[in-house]
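Scroll down for the structure; my scribbles are underneath it.
Note that the structure is predicted; figures quoted are calculated from it, not measured. Every chain is numbered from 1, with letters handed out A, B, ... down the list of sequences.
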Number of protein chains: 2
Amino acid sequence: MQDDLHRFKAGIFQALAHPSRIAIIELLRDEGKVPVSGIFERLGLEQANVSQHLAVLRSKQIVIGRKEGNQVFYSLRDRIIGKVLDLLRQYFEAHLKEALDLLKDMKTDDSLA
Amino acid sequence: MQDDLHRFKAGIFQALAHPSRIAIIELLRDEGKVPVSGIFERLGLEQANVSQHLAVLRSKQIVIGRKEGNQVFYSLRDRIIGKVLDLLRQYFEAHLKEALDLLKDMKTDDSLA
DNA sequence: TCTATATATTCGAAGATTCGAATATTGTCA
DNA sequence: TGACAATATTCGAATCTTCGAATATATAGA
C-alpha cells in the first residue's frame with residue numbers, strides 16, 4: 001500500500017515531466033479553460049503533439065476536457081497541481097544560482113549529445 | 001527563459017518520477033540523514049540500484065551526500081521537496097476514489113504487458 | 001601494505017517516451 | 001447527405017530510462 005502510493009505519486013510526476021506539459025498546465029492554470037486550438041497556437045506546438053500530451057495528462061486525470069460544440073475545452077482538474085508548480089518556482093528562486101548552473105548543464109549536455 | 005523554467009521544472013519532476021526515488025525521498029524526509037546502507041536495507045533494494053537512483057537525485061540537487069568515514073549520509077537539500085510530496089498526498093486523498101481506480105489501471109496495464 | 005567494507009560507475013539488454021506523418025473520429029453547417 | 005473544421009489516434013524511428021551484473025574507488029583497520 002505504501003508502495004501503491006509511491007507508484008501513484010511517481011505516475012503523477014511522470015506526467016509532469018515534460019516541458020511542453022508544464023507549459024500546458026501553466027496555461028490552463030492562468031486562463032482557466034482553453035480549447036486545444038488555443039493551446040497549440042499559444043505554445044507554438046503541433047496539433048497532434050498537443051493532443052498526445054493532453055492524452056498523457058488526461059490519463060492521470062490532471063486535466064479534463066469538455067466538449068462544447070466543435071471544440072474541446074481543457075482545464076485543470078484540481079488547483080493543487082498549480083500549487084505544486086508554484087512550490088517549484090519558489091524552490092527555483094531559493095536556489096537560483098545552482099538552478100541556473102543546472103540549466104546550463106542540461107543545455108551543454110544536449111549540445112554535446 | 002519561460003521555456004528554461006519549464007525545462008527546469010520538468011527535470012525536477014523527472015527525477016521524482018520513480019517509485020523507488022519517492023520512497024528514498026520520503027525516507028530522508030522522515031529520518032533526516034541516512035547512510036546508503038540504511039536506504040537499501042530499509043527499502044529492500046539492491047545497493048547498485050539505490051546508488052543509481054541517488055545519482056539521479058544528486059544530479060538534480062534534490063539530495064546531498066556527505067561522507068563520514070566509511071559511509072555516505074544522504075539528506076534532502078530542501079524541505080520544499082517534502083512539501084511537494086505532501087501536496088500530492090492531499091491530492092491523492094481528495095480524489096481517493098479516482099486515484100484508486102488509476103492505480104488499478106496501472107496494475108492491470110502492467111500485468112497485461 | 002593487505003583485506004574488508006561502503007559506495008559509485010559502467011555496460012548492455014529490455015522497455016518506455018517522444019516526435020511528426022498519416023489517418024480516424026466527431027460535430028457543424030449547407 | 002457532403003464538405004469542412006477540430007481533435008484524437010496509430011505507427012515507426014530515434015532517444016531515454018531502468019535494471020542487474022560486473023567492476024571501480026575510497027576508507028578503515030590489522
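In the hydrophobic clustering of this structure, A/Val63 groups with A/Ile80; members are Ile, Leu, Val, Met, Phe, Trp, Tyr whose side-chain heavy atoms approach within less than 4.5 Å, directly or through other members.
Between A/Ile22 and A/Ile25 the shortest side-chain heavy-atom distance does not fall below 4.5 Å. Using a 4.5 Å cut-off on side-chain heavy atoms (C-beta onward), B/Arg42 and B/Glu31 make contact. Counting heavy atoms from C-beta outward, A/Leu87 and A/Tyr91 have side chains that stay 4.5 Å or more apart. Using a 4.5 Å heavy-atom threshold, the side chains of A/Val36 and A/Gln71 count as separate. Taking 4.5 Å as the limit, every side-chain heavy atom of A/Val72 sits out of range of all side-chain heavy atoms of A/Leu54. Put simply, the side chain of A/Phe13 does not reach to within 4.5 Å of the side chain of B/Ile12, judged on heavy atoms. Inter-residue side-chain proximity for B/Ile62 and B/Leu16 is flagged as met; some heavy-atom pair is nearer than 4.5 Å.
Residue contacts shown for B/Phe73 are absent, as no nucleic acid heavy atom lies under 4.0 Å away. Among the heavy atoms of the strands lying under 4.0 Å from B/Ser51 is at least one base atom, whether or not backbone atoms are also near.
In summary, B/Lys83 and B/Asp86 do not engage in a salt bridge, as defined by a charged side-chain N under 4.0 Å from a carboxylate O. The pair A/Glu98-B/Arg77 counts as a salt bridge, with a side-chain nitrogen and a carboxylate oxygen less than 4.0 angstrom apart.
Residues satisfying the side-chain contact (heavy atoms from CB on, under 4.5 Å) test with A/Glu93, not counting sequence neighbours, are A/Arg89. Applying the ring pair (Phe, Tyr, Trp, His ring centres under 6.0 Å) rule to A/Tyr74 yields no partners; only residues at least two apart in sequence or on another chain are considered. Residues passing the side-chain contact (heavy atoms from CB on, under 4.5 Å) test with A/Arg66 are A/Ile64, A/Ser75, sequence neighbours excluded. Remark: B/Glu26 pairs with A/His6, A/Lys9 by the side-chain hydrogen bond (donor to acceptor under 3.5 Å, both in side chains) rule, at least two apart or across chains. Judged as a ring pair (Phe, Tyr, Trp, His ring centres under 6.0 Å), and not counting sequence neighbours, the contacts of A/Phe8 are B/Phe92.
Atom OG in B/Ser59 sits 7.5 Å away from atom CG in B/Leu57 (nearest 0.5 Å).
Contact of A/Gln47 with D/dA8 (side chain to base): a donor-acceptor pair of N or O atoms is detected under 3.5 Å.
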Is there a side chain to side chain contact (heavy atoms under 4.5 Å, CB included) between B/Ile39 and B/Leu28? Walk through the geometry before answering.
CA-CA 9 Å; B/Ile39 297 173; B/Leu28 298 182; 4.3 Å; yes
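Between the P atom of C/dT5 and the CD atom of B/Glu41 lies a distance of 13 Å, rounded to the nearest Å. When rounded to the nearest whole Å, the span between CD of B/Glu46 and P of D/dT18 equals 16 Å. Between A/Gln71 atom CD and C/dT26 atom C1' the separation is 13 Å, expressed in whole Å. Atom CZ of B/Arg66 and atom C1' of C/dT7 are 17 Å apart (whole Å). Remark: P of C/dT5 and CZ of B/Phe40 are 12 Å apart, rounded to the nearest angstrom.
Over its length, the helix from C/dT1-D/dA30 to C/dA30-D/dT1 turns its helix axis by 20°, as judged from the five terminal pairs at each end, rounded to 10°.
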Return the polar atom pairs (N/O with N/O) between nucleotides 10-15 of chain D and the protein under 3.5 Å, or none.
residue: D/dT10; atom: O4; partner: A/Gln52; partner atom: NE2; Å: 3.0

Strictly under 3.5 Å: I want the nitrogen or oxygen pairs between protein and nucleotides 27-30 of chain D, one per line.
residue: D/dT27; atom: O2; partner: B/Asn70; partner atom: OD1; Å: 3.4

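Near DNA chain C, defined here as any heavy-atom distance below 4.0 Å, the residues from residues 20-36 of chain B are B/Pro35, B/Val36, listed numerically. Residues from residues 11-18 of chain B that place a heavy atom under 4.0 Å from any atom of DNA chain D, listed by number: B/Gln14, B/His18. Within residues 54-64 of chain A, no residue has any heavy atom under 4.0 Å from DNA chain C.
Pairs engaging residues 13-22 of chain A under the side chain to side chain donor-acceptor pair (under 3.5 Å) rule: A/Arg21-A/His53 [sequence neighbours left out].
Regarding contacts with the backbone of C/dT5, every side-chain N or O of B/Ser37 stays at 4.0 angstrom or more from both OP1 and OP2. Under 4.0 angstrom from either OP1 or OP2 of C/dA8 there lies at least one side-chain N or O belonging to B/Tyr74. Residue B/His53 places at least one side-chain N or O closer than 4.0 Å to OP1 or OP2 of D/dC19.
The two residues B/Pro19 and A/Ala10 make their nearest non-hydrogen contact at N-CB, 3.5 Å.
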